[in-house]
Amino acid sequence: MEQAAHAWHLKIGAVLHQSGSPLHAPVLQWYDANARVLPWRDPAASPWAVMVSEFMLQQTPVARVLPAYERWLERWPTPADLAAEPPGEAVRAWDRLGYPRRALRLHAAAQAIVERHGGEVPSDHADLLALPGVGTYTAAAIASFAFGQRHAVVDTNVRRVLARALTGVAQPTISPTAADQRLAVAALPADEPTAARWAVASMELGALICTARTPRCADCPIRRQCAWVLAGSPPYDGPPRRGQTYEGTDRQARGRLLAVLRASTTPVPKPQLDATWPDAPQRERALDGLVADGLVEPLPHNHYRLPA
DNA sequence: CACGCGTGGTA
DNA sequence: TTACCAAGCGT
């Protein structure tokens, strides 16, 4: 079966490389006509602006990112501007985007950029990957979107598009695999500028048309080549995807605690934090976790604040 | 590699 | 309403 899989990949690769993939032209054309106008796609957007958008968009929808993004860049137009402020200010400005450790990592990344790269967001993929909070996806995204380089930019949207169009299944695997990455690399246009356009375009297709729940196949530019559609759009048959409960979790408790601290510019006395969560052991665990993560700073006399 | 990590919108 | 989903990362 390894043989078969290998042969299949060779076949896919061969198809994709003849005159570019038959997917490229329709997707690129569709993108030109249908792409959303987003501030980080403005040709004038700096690499730092692209980087900020990528951090915020990690698991947070575009609509909620937009206002925070605008405020953030107005306040900190360069990495040096952010690096000069205490990390707690980044956490506060992060507002309710969720996963506030991203704010801490963006702040740390800004400091690293100042220290190691003279205050300029690096264009080299390996340099990007070495920054806090920058993983495989984000490094490729910044290199591609901000610097026009040729990288496989593999996010959940792209994984879904490729799973359907090329593999012929309703949903990609639950977690990213090496196979996804290989497929995305094989699907990449050969020349740099086209590859960069393909990266945004294929992602946008996944966000607007090839959506997770109710794909709008009638409007899809590649429905005639889509392996999943051609197979009759078979339903998902893999293992059940575990849903994230939130009510009553440590996550929710952490969120409550941090919300109080974000709202206060002065140190908060412990009793005020205690009022946010009834279950004492869980509350203490959550608070300890926040301190351990560097999101909260304990002070003498039972007071707490965002890290200075 | 599976898990923990926020928050809110939608079907 | 509950459940799923949203441009992932670090451990």
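All chains are named by letter (A, B, ...) in the order of the sequence lines, taking the proteins before the strands, and each is independently numbered beginning at 1.
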Residues Arg41(A), Glu204(A): salt bridge by 4.0 Å N-O rule:
yes
Map Val134(A) and Gln171(A) onto DNA chain C by nearest heavy atom, then report which one ends up closer to the 5' terminus.
Gln171(A)
Would you classify Ala212(A) as touching base, sugar-phosphate or nothing, given that sugar-phosphate means primed atoms plus P, OP1 and OP2, and contacts are heavy atoms under 4.0 Å?
sugar-phosphate
Could you measure between the two C1' atoms, the one in dG10(C) and the one in dG8(B), and give it in whole Å?
24 Å
Is the shortest side-chain heavy-atom distance between Arg283(A) and Arg256(A) below 4.5 Å?
no
I'd like to know if the side chain of Arg305(A) pairs up with that of Thr265(A) as donor and acceptor (distance under 3.5 Å, no hydrogens or angles considered).
no
When you check every protein heavy atom under 4.0 Å of nucleotides 6-11 of chain B, what one-letter string (B, S, -) results, 5' to 3'?
BBSB--
What interatomic distance, in whole Å, is found between P of dA11(B) and the corresponding atom of dA7(C)?
15 Å
Which atom pair, heavy atoms only, marks the closest approach of Ala227(A) to Thr167(A)?
CB-C, 4.3 Å
How close or far is atom P of dA6(C) from atom CZ of Arg36(A), stated in whole angstroms?
12 Å
Pick the C1' atom in dT11(C) and in dC1(B), then give their distance to the nearest Å.
11 Å
So what does Thr156(A) hit on the nucleic acid, given a heavy-atom distance under 4.0 Å: a base, only sugar-phosphate, or nothing?
sugar-phosphate
In whole Å, I'd like the distance from the CD atom of Glu54(A) to the P atom of dA6(C).
16 Å
In whole angstroms, how far is the C1' atom of dA7(C) from the CZ atom of Arg159(A)?
13 Å
Trp198(A) side-chain N/O to Arg150(A) backbone N/O, donor-acceptor pair under 3.5 Å
no
Arg241(A) atom CZ is separated from dA2(B) atom C1', nearest whole Å, by 15 Å
Under 4.0 angstrom, heavy atoms only, what part of the nucleic acid is Val153(A) near: base, sugar-phosphate, or nothing?
nothing
Does dG9(B) have a Watson-Crick or wobble partner in any strand here, with both distances under 3.5 angstrom, and which is it?
dC4(C)
Any donor-acceptor N or O pair under 3.5 Å, side chains Gln58(A), Tyr137(A)
no
Trp72(A)/Trp94(A) aromatic ring centres below 6.0 Å:
yes
Quick one: label Trp40(A) by what it contacts on the DNA or RNA (base, sugar-phosphate, nothing), any heavy atom closer than 4.0 Å.
base
Rounded to the Å, how far apart are Leu106(A) CG and dG8(C) P?
16 Å
Which part of the nucleic acid does Pro132(A) contact within heavy-atom distance under 4.0 Å: base, sugar-phosphate only, or nothing?
sugar-phosphate
Members of residues 191-203 of chain A that approach DNA chain C, where some heavy atom sits under 4.0 Å away
Met203(A)
So, the side chain of Arg160(A) versus the backbone of Pro172(A): is there a donor-acceptor pair under 3.5 Å, distance only?
no
When the distance from CG of Asp180(A) to P of dA7(C) is rounded to whole Å, what number comes out?
15 Å
Nearest whole Å is fine: how far is dC5(C) P from Tyr236(A) OH?
9 Å
In whole Å, what is the span from the CH2 atom of Trp94(A) to the P atom of dC5(B)?
18 Å
Check the phosphate of dA7(C) against Ser53(A), side-chain N and O only, distance under 4.0 Å to OP1 or OP2. Yes or no?
no
Contact between Val50(A) and Phe147(A) at the side-chain level, heavy atoms closer than 4.5 Å - yes or no?
no
Joint hydrophobic cluster, Leu257(A) plus Leu97(A), side-chain heavy atoms closer than 4.5 Å
no
For a quick check of understanding: with a heavy-atom distance under 4.0 Å over all strands, which category does Arg41(A) fall into, base, sugar-phosphate or nothing?
base
